[in-house]
Amino acid sequence: MKKFVIIDGNALIHRCYHAVPKTLRSPTGELTNAVFGFTGILLGILEYEHPDYLAVAWDLKGPTFRDELYADYKGTRAKTDDELIAQFPRVREVLEAFSVPCFEKEGLEADDYLGIVATELRAKHPDVQVLIVTADKDALQLVGEGVTVVAPVSGYTKVLRYDRDAVKAKMGVWPEQVPDFKGLSGDSSDNIPGVPGIGEKTAVKLLEAWGSVEGIYKHIEEVEPERIRELMRAHEAEAHLCKKLATIIKEDGVSVDLNAAKVHNLAVENVRALFGTLGFRGHLGRMERLNKDWEKLRVSEKQESLF
């Protein structure tokens, strides 16, 4: 089975910025810790996963449809460091040199494109396995047949892999119930309030009994104890709103071009020049080793095209 890896660009670059020492700089003194860490994970994915296809999803600056639904969405997040913002263009240069396509659109988040691309691929290319690489647990709702979430722990040498059972073990609910779970218990990282007074354990019990937020309200008279039943009644609008905020979009009319996402179609000379500028000598050696196998693929494809 072929493998398509899609990376949550924003989640990983933030993780790398805080994980890699800020003493890491290019020969000209440019801060490169986030670029170095992101590139290391990119190479690790190529080395350990051996994907056939690779893409990256990005957030775009500006409000999303969730901000229109709830003005305080992500309102508690700190401002992104200027030193991190300055490294985004370099990461994009790395991706361009590797010929990695990017998915992004105003009004949507990177999470949404993870869902959109995964759904599109599974519908039109059921022979392609999808791996979502992210440090954001929101993506766990996308896990299912042919879709796995991989969370880097230490570079890409140590990762956590989530199939359906792993999601249930971690969160207490199945992947498709993650938005319901957040609709009830909230999510402080995105400033989603949930239902006041409903914690994670109670949310799990309610979903085990009734399956979804909608299921709970269909059986609201059966919810016990009375305190929980009255909380749910008093905050029905919030429960539905918070579930909507936590739900990743899965359809947007996107067409995924598999040929454009082939991993071996990198611009080798551009990668060499960029890594030289950044002082990424170790990363360069890893790329050269990978490129030996990719060169064979490029030659084989060229020969096939002649017939």
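We're numbering straight along the sequence, starting at 1.
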- Quick one: are Ile220 and Met232 in side-chain contact, heavy atoms under 4.5 Å? yes
Using the test ring pair (Phe, Tyr, Trp, His ring centres under 6.0 Å), find all partners of [X] that sit at least two apart in sequence or belong to another chain.
X	value
Trp174	none
Tyr217	His240
Phe275	Phe280

I'd like to know if the side chain of [X] reaches the main chain of [Y], judged simply by a donor and an acceptor atom lying under 3.5 Å from each other, with no hydrogens or angles considered.
X	Y	value
Thr32	Phe36	no
Arg15	Val153	yes
Asp190	Ile192	no
Gln141	Ala246	yes
Ser212	Gly215	yes

- Decide if the gap between the ring center of Phe88 and the ring center of Trp58 is smaller than 6.0 angstrom. yes
Identify whether the distance between the nearest side-chain nitrogen and carboxylate oxygen of [X] and [Y] falls below 4.0 Å.
X	Y	result
Glu208	Lys205	no
Arg92	Glu104	yes
Glu30	Arg25	no
Glu109	Lys74	yes
Glu106	Lys61	no
Arg229	Glu222	no
Glu120	Lys250	no

- To the nearest 0.5 angstrom, please state how far the CG atom of Leu114 sits from the CG atom of Asp8. 5.0 Å
- Message: To the closest 0.5 Å, what do you measure between OH (Tyr70) and CG (Asn191)?
- Response: 5.0 Å
- Query: Can you name the one residue among Val149, Leu140, Leu142 that meets side-chain contact (heavy atoms from CB on, under 4.5 Å) with Thr134?
  - Reply: Val149
- Judged by modelled atom types alone, do Tyr156 and Glu49 share a side-chain donor-acceptor pair under 3.5 Å? yes
- Query: Do we see a donor-acceptor contact under 3.5 Å between the side chains of Tyr17 and Asp81?
  - Reply: yes
- Item | Exceeds 12 heavy-atom contacts within 6.0 angstrom, atom NZ of Lys22 | yes
For [X] and [Y], which heavy atoms make the closest approach, and how far apart are they?
X	Y	answer
Ile116	Glu251	CG1-N, 4.0 Å
Leu69	Leu245	CB-CD2, 4.0 Å
Val150	Arg161	CG2-NH1, 3.7 Å
Phe103	Ala55	CE1-CB, 3.6 Å
Gly197	Arg227	O-NH1, 4.1 Å

